[in-house]
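To start, the structure under review is shown below, and the notes come after it.
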Amino acid sequence: MIFNEETIQGLFGNEAAENETPARLKEYYVKSAVYEQVASSNPLRILVGHKGIGKSALFKIAISEDADRGDLTIFIRPDDIVSIAAQEKPILELIRDWKTGLLGLLAEKAYQAFGVSPGNQHADIRSWGTRVLEFLTNSVKLKSAEISLNPAKKALLDHFLKRGLVFIYIDDLDRGWEGKIHDIRRISALLNAVRDLASDNDGLKFRISLRSDVFFLVRTSDESTDKIEGSVIWHSWTNHEILVLLVKRIETFKGRSFDEREGVHYGQQYLSGFLDGIFESRFNGSGLWDNAPMYRVLMSVIRKRPRDLVKLCTAAARQAAADRSQVIATNHLKAVFDDYSQGRLQDTVNEYRTELPDIQRLLLSMRPTKREKLEGDGYKLTTNALLAKIEKALQTGAFRFANGRNATRQDLAGFLYKINFLTARKELPNGLISRRYFEENRYLAQQFADFGFDWEIHPAYRWALQPDDLSSIYHVVRLSDIEEPSVNK
């Protein structure tokens with residue numbers, strides 16, 4: 001394998017789905033159960049997940065499949081709606097502004113898709129209230145009769161008139177998010193507005209993506225959002241699914257087919273064979289990592305986010321290229337772990353500082369002390385030890401959320417869990433380690449609940465938190481035990 005830039009991107013993909021070519025994304029995309037839930041016929045689907053989890057990639061594939069069926073799809077970007085409900089107003093007025101703004105935007109984009117002149121649609125649509133589908137059906141029939149449409153646009157229009165469906169995708173709403181009260185109220189009003197519009201128009205199918213921290217603030221700040229809870233789909237991956245994802249990317253790059261529906265039932269030892277020729281099969285390190293299968297090392301240091309995997313593999317492949325190596329070896333991964341970890345720490349600061357402006361001070365306060373290192377790993381904490389460590393951080397200065405509320409130590413513990421800096425950890429009687437992420441159980445960090453879990457700082461951050469002693473990580477960090485599926489091979 002020659003690891004030039006074209007090969008590296010072909011193997012592992014682009015870290016941002018919007019920058020990937022549609023043809024290549026279709027080749028390697030893995031449709032999980034989450035995809036099927038979002039792509040269902042339900043009128044409202046709210047896709048929630050961390051940055052880098054694959055929300056935009058899912059939408060891009062769903063839009064493509066809707067278009068392949070001949071359905072009308074409308075993609076709304078943040079700059080399309082920047083002026084809608086932008087002013088401070090009571091919540092009911094914000095909801096009304098969203099309805100008015102979205103109806104005009106939908107009509108405008110539908111006319112563009114059909115290739116007909118919109119005319120004075122903003123004035124015309126107001127007389128129809130929220131019944132945008134009735135308005136479009138009647139108006140495009142009249143306007144299309146006046147002109148000659150090209151075959152593709154006529155087919156789209158005929159399909160719309162027959163089925164009466166419009167799929168609306170709203171992505172990247174967290175762009176420009178600052179976590180302020182108006183930001184929260186504005187998103188809350190949007191969710192209420194689209195729920196009403198979908199209720200008034202049987203054929204409108206809204207698909208909205210939200211970053212997990214954005215949704216969490218909206219959900220806990222507005223009691224009315226309990227009405228949309230049944231429409232929320234949490235986007236998450238298991239480590240096994242991400243291994244399948246990596247295998248499919250490699251196999252399709254080599255020109256071979258790989259069915260992920262079968263692949264998710266393959267054993268990990270079998271799947272690891274597909275990595276041969278790209279990665280060294282075993283990690284030739286020291287301590288607890290020595291001779292471990294390479295896929296376990298990869299899965300242990302990513303935060304169950306495909307983008308983490310792309311970043312790590314891309315950096316290691318570039319290191320292999322610099323060494324003129326034909327395989328990504330242990331020394332190439334070791335060479336990039338520090339930069340990779342620093343990047344994930346900075347990503348976390350960038351992602352969540354709109355919610356907690358002083359987040360960097362909180363994260364760095366989680367570094368183990370010399371005494372903690374002598375007594376053990378320093379990154380595994382009981383609930384009491386975690387709260388005591390946060391209490392010390394509070395003594396250096398209070399932490400205040402962007403909404404102005406002072407954070408208690410329980411608030412900060414829950415926040416660290418929510419952002420995946422901490423994972424919940426329990427040692428099982430069979431000797432395995434059970435790890436839980438926020439998406440899998442969002443209640444473990446509640447202030448007055450004790451579910452018997454301890455806490456562990458995710459391995460992805462450890463090189464960044466102890467740059468003076470990188471080698472000790474291999475002796476104290478236990479690799480994740482990746483749950484096997486019902487094995488076919």
Side-chain angles (χ1 to χ4, degrees), residues 44 46-51 55 76-102 105 170-197 206 208-229 231-232 234 347-363 390 394 397-421 438 442-443 445-447:
L44 176 60
I46 301 170
L47 181 63
V48 178
H50 289 291
K51 204 173 182 66
K55 301 186 295 298
I76 296 177
R77 296 178 174 85
D79 52 324
D80 292 324
I81 55 177
V82 66
S83 61
I84 302 176
Q87 302 300 317
E88 289 273 9
K89 292 182 180 179
I91 188 70
L92 292 179
E93 292 187 32
L94 289 175
I95 294 172
R96 184 189 61 199
D97 288 350
W98 271 118
K99 289 180 183 179
T100 302
L102 284 174
L105 185 61
I170 307 177
D171 195 17
D172 276 343
L173 280 174
D174 51 84
R175 194 184 299 175
W177 171 264
E178 296 182 0
K180 295 179 179 178
I181 293 175
H182 178 63
D183 294 327
I184 297 170
R185 283 161 50 81
R186 186 169 183 260
I187 299 297
S188 177
L190 168 63
L191 298 181
N192 278 280
V194 297
R195 184 173 64 87
D196 289 348
L197 290 176
F206 283 96
I208 299 173
S209 75
L210 287 176
R211 218 168 59 199
S212 56
D213 60 306
V214 176
F215 176 76
F216 185 82
L217 281 179
V218 172
R219 179 67 183 89
T220 54
S221 301
D222 181 1
E223 60 184 22
S224 70
T225 52
D226 65 334
K227 296 177 182 177
I228 52 92
E229 194 164 8
S231 301
V232 175
W234 282 82
D347 283 348
T348 303
V349 171
N350 295 343
E351 186 174 351
Y352 295 101
R353 65 184 170 194
T354 54
E355 183 179 352
L356 185 69
D358 208 6
I359 181 178
Q360 186 165 0
R361 177 165 66 94
L362 175 64
L363 299 184
I390 293 174
L394 283 167
F399 291 92
R400 184 174 289 106
F401 290 113
N403 61 13
R405 183 171 62 87
N406 280 335
T408 67
R409 60 180 190 168
Q410 287 85 359
D411 290 335
L412 294 174
F415 176 78
L416 290 171
Y417 177 54
K418 184 183 70 174
I419 68 175
N420 286 167
F421 183 81
F438 175 76
R442 297 185 287 279
Y443 304 102
Q446 284 187 351
Q447 182 171 348

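Treat the numbers as computed from the prediction; the structure is a model and nothing was measured. Heavy atoms only: backbone and side chains are in, while hydrogens, waters and symmetry mates are out.
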Rounding to 0.5 Å, atoms CD1 (Ile208) and CD1 (Ile170) come to a distance of 4.5 Å
Going from CG on Leu416 to CZ on Phe421, what distance comes out if it is rounded to the nearest 0.5 angstrom?
-> 6.5 Å
Note: Val82 and Ala86 closest approach over all heavy atoms is O-CB, 3.7 Å
To the nearest 0.5 angstrom, please state how far the CD1 atom of Ile76 sits from the CD1 atom of Ile81.
-> 6.5 Å
Tell me which donor-acceptor pairs under 3.5 Å the side chains of residues 351-359 have, and how far apart each pair is, sequence neighbours excluded?
{"unit_1": "Glu351", "atom_1": "OE2", "unit_2": "Lys51", "atom_2": "N", "d": "3.2"}
{"unit_1": "Tyr352", "atom_1": "OH", "unit_2": "His50", "atom_2": "ND1", "d": "2.7"}
{"unit_1": "Glu355", "atom_1": "OE1", "unit_2": "Lys418", "atom_2": "NZ", "d": "3.1"}
{"unit_1": "Glu355", "atom_1": "OE2", "unit_2": "Lys418", "atom_2": "NZ", "d": "2.6"}
{"unit_1": "Asp358", "atom_1": "OD2", "unit_2": "Arg361", "atom_2": "NE", "d": "2.5"}
{"unit_1": "Asp358", "atom_1": "OD2", "unit_2": "Arg361", "atom_2": "NH2", "d": "2.8"}

Stepwise side chain to side chain contact (heavy atoms under 4.5 Å, CB included) test for Leu173 and Leu190 | CA-CA 10 Å; Leu173 280 174; Leu190 168 63; 3.5 Å; yes
Could you give the distance from CG (Leu47) to CZ (Phe215), rounded to the nearest 0.5 Å?
-> 11.0 Å
4.5 Å side-chain heavy-atom contact, Val218 and Leu191 = yes
Heavy-atom check, side chain of Val194 versus side chain of Ile228, under 4.5 Å = no
For the residue pair Arg405 and Asp411, what are the closest heavy atoms and their distance?
-> NH1-OD2, 2.8 Å
Inter-residue atom distance Asp171.CG - Leu210.CG, 0.5 Å rounding | 9.5 Å
Could you pull out all residues at least two apart from Asn192 that satisfy side chain to side chain contact (heavy atoms under 4.5 Å, CB included)?
-> Ile95, Ser188, Arg195, Asp222, Ser224
Less than 4.5 Å apart, any side-chain heavy atom of Phe399 and any of Phe415?
-> no
Judged by atom type as modelled, is there a donor-acceptor pair below 3.5 Å linking the side chain of Arg186 to the main-chain atoms of Leu94?
-> no
Identify, with sequence neighbours excluded, every residue that meets side-chain hydrogen bond (donor to acceptor under 3.5 Å, both in side chains) alongside Thr348.
-> Arg303, Tyr461
Is Ile181 atom CD1 crowded by more than 12 heavy atoms from other residues, nucleotides or ligands, each under 6.0 Å away?
-> no
Apply salt bridge (charged side-chain N to carboxylate O under 4.0 Å, His left out) to Arg219 and list each qualifying residue two or more places apart in sequence or on a separate chain.
-> Glu229
Please identify each residue that fulfils salt bridge (charged side-chain N to carboxylate O under 4.0 Å, His left out) with Asp172, with sequence neighbours left out.
-> Arg175
Non-neighbouring partners of Arg400 that pass side chain to side chain contact (heavy atoms under 4.5 Å, CB included), sequence neighbours left out = Asn406
Hey, could you give me the CG/CD1 distance between Asp347 and Ile419, rounded to the nearest 0.5 Å?
-> 11.5 Å
Taking only residues at least two apart or on different chains, which pairs with a member in residues 78-88 satisfy salt bridge (Lys or Arg N to Asp or Glu O under 4.0 Å)?
-> Asp80-Lys109
Salt bridge (charged side-chain N to carboxylate O under 4.0 Å, His left out) involving Lys89 - partner list, sequence neighbours excluded = Asp97
